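Structure, as structure tokens:
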Amino acid sequence: MDAVSIRDKAVVVTGAGGGIGAALARRFAAGGARVAVNDLDAAKARRTAEEIGAVAVPGDASAVVPAAREALGGAIDVFCANAGIASSGGPEAAEEVWERTWDVNVMAHVRAARDLLPEWLERGAGRFVSTVSAAGLLTMVGSAPYSVSKHAAYAFAEWLAVTYRHRGVEVHAICPQGVRTDMLAGTGPIGDLVLAPTAVEPDAVADALFAAMAEGRFLVLPHPEVAGFYAARATDPDRWLGRLNNLQQQLEAALGTTTGPADASGTSDASDAPGTPHASAAPDTQDTQERKAARR
């Protein structure tokens, strides 16, 4: 999809106050699209919008579609479900942490699709972009809520593609490892161990998406090596699990703990996670949308 084909298209990007979301919004705006910038942090949403000549639609990503339609003056052509949250811990994590992570990382996508599909199916065209994470293909050490919800986000995007491709709805799942954002800087030992060595700039994620759109490709891998990790996971799961467990042990040694990388109640903004020859582990950023987005 080139700049001509996105000119005048109505595009919504959630979690676009910074990081990957802002990079996506910039790229669409540069191609002549009419962009609505969504983020829970209204000041950040307005700042991004002002920088790129877009409109700001701050608020909860789960309920943004009606407001975005109004702001853009009609139907939405492209929806980028980029907002997300990273929560650490395992089964011991509080019920509220699990619920919040599921709500932000999965149900926000479901609610957006529910609002968008009727108009897209009626006109036979629409594009849904899901910022998942390499964790959605692999896993994320230290975070069961993030891993589980990202697998579900990927599964939902996959289901949309299977169900509606022949009716004109195009779907893309973005699955990066580490991305150089404020979130990466705050990931601590897990970021140093897994994400930082191969981290890319947010603009590289936008480049990867546009390449996938041009090729009509579902899976978007800003880190191409993730395809190999994904294949290894499928073809020899026991070996893959063993390598991941080694990574978990390295992390525990670095932290001096056996309970994981952070307190089970901890959450942070995220939009992507890792994948190394050993794993997909910690998040990247999906922005401020999520620190508060837990309210969805």
Side-chain angles (χ1 to χ4, degrees), residues 18-20 84-94 96-98 100-101 104-105 131-151 175-202 204-205 221-230 232-233 236-288 290-291 294:
I20 292 173
I85 187 170
S87 305
S88 60
E92 78 286 351
E96 183 266 343
V97 170
W98 278 94
R100 181 173 59 205
T101 305
V104 173
N105 291 354
T131 301
V132 181
S133 167
L137 298 175
L138 305 172
T139 193
M140 176 176 170
V141 295
S143 179
Y146 187 78
S147 297
V148 171
S149 64
K150 287 300 186 177
H151 273 265
C175 298
Q177 297 184 92
V179 181
R180 293 190 187 99
T181 62
D182 290 343
M183 178 60 198
L184 178 59
T187 56
I190 195 169
D192 294 339
L193 183 64
V194 178
L195 299 176
T198 61
V200 299
E201 297 295 335
V205 179
L221 297 178
H223 297 79
E225 62 269 26
V226 169
F229 306 154
Y230 189 39
R233 174 180 180 268
D236 193 347
D238 288 311
R239 183 169 184 265
W240 182 81
L241 288 169
R243 297 180 76 178
L244 266 293
N245 181 254
N246 287 339
L247 181 64
Q248 172 68 27
Q249 293 179 59
Q250 291 175 46
L251 184 60
E252 291 176 4
L255 294 171
T257 179
T258 59
T259 59
D263 185 273
S265 64
T267 64
S268 57
D269 301 341
S271 108
D272 308 314
T276 65
H278 307 286
S280 173
D284 160 33
T285 84
Q286 224 133 278
D287 286 342
T288 58
E290 312 318 339
R291 198 169 10 245

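Here the structure is a predicted model, which is why all the values come from computation and not from measurement.
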Give the minimum heavy-atom separation between [X] and [Y], together with the two atoms involved.
X      : Y      : value
Pro202 : Gly19  : CB-O, 3.7 Å
Ala134 : Val226 : CB-CG2, 4.1 Å
Ser147 : Met140 : OG-N, 2.8 Å
Pro145 : Gly89  : CD-O, 3.3 Å
Pro222 : Pro176 : CG-CB, 3.7 Å
Gln248 : Gly142 : OE1-N, 3.8 Å

side-chain contact (heavy atoms from CB on, under 4.5 Å) involving Gln249 - partner list, sequence neighbours excluded
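With sequence neighbours excluded, Gln249 shows a side-chain contact (heavy atoms from CB on, under 4.5 Å) to Asn245, Asn246, given in chain and number order.
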Between [atom1] on residue [X] and [atom2] on residue [Y], distance to nearest 0.5 Å:
X      : Y      : atom1 : atom2 : value
Glu96  : Thr101 : CD    : OG1   : 8.0 Å
Leu241 : Arg243 : CG    : CZ    : 12.0 Å
Asn105 : His151 : CG    : NE2   : 12.5 Å

Who pairs with Asp236 by side chain to side chain donor-acceptor pair (under 3.5 Å), at least two apart in sequence or on another chain?
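With sequence neighbours excluded, Asp236 shows a side chain to side chain donor-acceptor pair (under 3.5 Å) to no residue whatsoever.
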Should Tyr146 and Ser87 count as side-chain neighbours, where that means a heavy-atom distance under 4.5 Å?
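No; the side chains remain at least 4.5 Å from each other.
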With a 4.5 Å limit on heavy-atom distance, are the side chains of Phe229 and Leu137 in contact?
no
